[in-house]
There are 2 protein chains.
Amino acid sequence: MSGSGPIRLFSFEIIGRKWKYDMLCHLTQGKKRMSEKKRLMPNITRKMLAQQLRELENDGMINRSAYEQVPPKVEYELSEYGQSLERILNALCDWGAAHIERVYGEPLSVLEDSILNEQFK
Amino acid sequence: MSGSGPIRLFSFEIIGRKWKYDMLCHLTQGKKRMSEKKRLMPNITRKMLAQQLRELENDGMINRSAYEQVPPKVEYELSEYGQSLERILNALCDWGAAHIERVYGEPLSVLEDSILNEQFK
DNA sequence: CAGTATCCCCCCAGATACTG
DNA sequence: CAGTATCTGGGGGGATACTG
């Protein structure tokens, strides 16, 4: 593989922004409404959530489907193309779980969510 | 797997900063001197190179060995722990290569490095 | 060659308020 | 519920110059 730096900066744009990796991972579990995503990611703001979902949509990673009703209902899901990242995403997530245990020195199950959330307010 | 947002933000710190993913990938090919890394990543500044190498070292991802000589010679390599990321890193890099071809609509081999580098000045 | 030390700018992301 | 608009700051990262 040749001079590949820019390649990585390219894919960095897809998963490297603060919330995108996390957002994509949640979608590997299936369709999610915006409100669900907000609940899954307590520290993200509405603005960033909407903004980065748009970017992922423009990059072809996710599909957005809006139901015309009141109150509105919108669902997001991994596109077929987005699914090509699924295995990697999950592998990275598993590594992250192991890593956090290494850092804190105890199993994830023992760590309070609140402690972790505190880190990234 | 339970509430895992913070887990991802945690591992995001390891590979998510602008240059780290790229830096780690180069090290999967073997030991590299600082000057080699600079050559491999033309657009990074000396400051960022040194700084992020330090952070990766502190996170236990890489080993640094300095030879006491003039002129100085320093080599960096993936630590044993760092190698646990190797498969994922390579998979992500392959995905990135495919992605860039999709974006530009032609095989990577045809694309000039200069065009890609231009993107990320 | 392999780093530090400064200075500085841009823009990512947060806070808040408003709309259909 | 699912967004958008506006304002703001903090810090990540660039440029440049200097050192062992």
Side-chain angles (χ1 to χ4, degrees), chain A residues 5-6 8-10 12-24 26-27 31-59 62-77 117-121, chain B residues 5-6 8-10 12-24 26-27 31-59 62-77 117-121:
Chain A
R8 296 190 194 104
L9 285 173
F10 230 87
F12 173 84
E13 296 294 316
I14 305 295
I15 64 156
R17 297 287 157 208
K18 183 168 184 187
W19 301 102
K20 287 185 178 177
Y21 161 40
D22 206 7
M23 294 172 63
L24 286 171
H26 286 131
L27 290 181
K31 261 182 201 173
K32 292 278 180 299
R33 299 185 58 170
M34 187 145 185
S35 52
E36 294 178 275
K37 296 198 73 63
K38 180 72 180 99
R39 193 159 25 75
L40 289 166
M41 308 166 66
N43 290 331
I44 198 175
T45 61
R46 284 259 200 66
K47 179 195 156 195
M48 290 312 295
L49 188 51
Q51 179 179 309
Q52 309 231 19
L53 280 169
R54 280 273 176 275
E55 292 181 17
L56 287 172
E57 195 190 351
N58 290 337
D59 286 331
I62 64 177
N63 295 324
R64 173 181 182 278
S65 27
Y67 300 75
E68 294 302 335
Q69 60 178 57
V70 180
K73 175 179 176 181
V74 180
E75 289 182 329
Y76 295 92
E77 61 183 339
N117 277 320
E118 206 59 20
Q119 284 285 331
F120 300 102
K121 255 192 323 198
Chain B
R8 295 188 195 105
L9 285 173
F10 229 87
F12 174 83
E13 297 293 316
I14 304 294
I15 64 154
R17 296 287 158 205
K18 185 168 182 185
W19 301 103
K20 285 185 178 177
Y21 160 42
D22 206 7
M23 294 172 63
L24 286 171
H26 286 132
L27 291 180
K31 261 183 203 175
K32 291 278 181 300
R33 300 186 57 172
M34 187 146 187
S35 52
E36 294 178 276
K37 296 196 74 63
K38 180 72 180 97
R39 196 159 23 76
L40 290 167
M41 306 166 67
N43 290 330
I44 198 176
T45 60
R46 284 257 202 68
K47 178 194 156 194
M48 290 312 295
L49 189 50
Q51 177 179 309
Q52 310 232 18
L53 280 168
R54 279 274 177 273
E55 292 181 17
L56 287 172
E57 195 191 350
N58 291 337
D59 286 331
I62 63 176
N63 295 325
R64 173 181 182 276
S65 25
Y67 299 75
E68 294 300 335
Q69 61 179 53
V70 181
K73 174 179 175 180
V74 181
E75 288 182 330
Y76 295 92
E77 60 183 341
N117 278 319
E118 205 59 20
Q119 285 284 332
F120 300 101
K121 256 192 321 200

Touch class at under 4.0 angstrom, heavy-atom based, for B/Q52 against every strand present: sugar-phosphate
Among the candidates [options], find the nucleotide nearest to the side-chain atoms of [X].
| X | options | result |
| --- | --- | --- |
| A/R64 | C/dG3, D/dA2, C/dA13 | D/dA2 |
| B/K18 | C/dG3, D/dG13, C/dC1 | D/dG13 |
| B/P72 | C/dG3, C/dA13, C/dC1 | C/dC1 |
| B/R46 | D/dG14, D/dA2, C/dG3 | C/dG3 |
| A/V74 | C/dG14, D/dG3, C/dT4 | D/dG3 |
| B/W19 | C/dA13, C/dA2, D/dG14 | D/dG14 |
| A/R17 | D/dG3, D/dA2, C/dA13 | C/dA13 |

Side-chain touch B/M23/B/L40, heavy atoms, less than 4.5 angstrom: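 No - every pair of side-chain heavy atoms lies 4.5 Å or more apart.
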Contact check, side chains of A/M41 and B/R8, non-hydrogen atoms, under 4.5 Å: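 No, every pair of side-chain atoms sits at 4.5 Å or beyond.
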Measure the distance from [atom1] on [X] to [atom2] on [N] and round it to the nearest whole Å.
| X | N | atom1 | atom2 | value |
| --- | --- | --- | --- | --- |
| B/Y67 | C/dG3 | OH | C1' | 18 Å |
| A/Y76 | D/dG3 | OH | C1' | 8 Å |
| B/E13 | D/dG11 | CD | C1' | 13 Å |

Pair of N/O donor and acceptor under 3.5 Å linking C/dA13 base with A/K47 side chain: yes
5'-most by nearest nucleotide on DNA chain D - A/R33 or B/T45: A/R33
Along DNA chain D (nearest heavy atom to each residue), the more 5'-positioned of A/R54 and B/G16: A/R54
Intermediate values then yes/no, salt bridge (Lys or Arg N to Asp or Glu O under 4.0 Å), B/E55 and B/K20: CA-CA 9 Å; B/E55 292 181 17; B/K20 285 185 178 177; 2.7 Å; yes
Nucleotide opposite C/dG20 in a Watson-Crick or G-U pair, distances under 3.5 Å: D/dC1
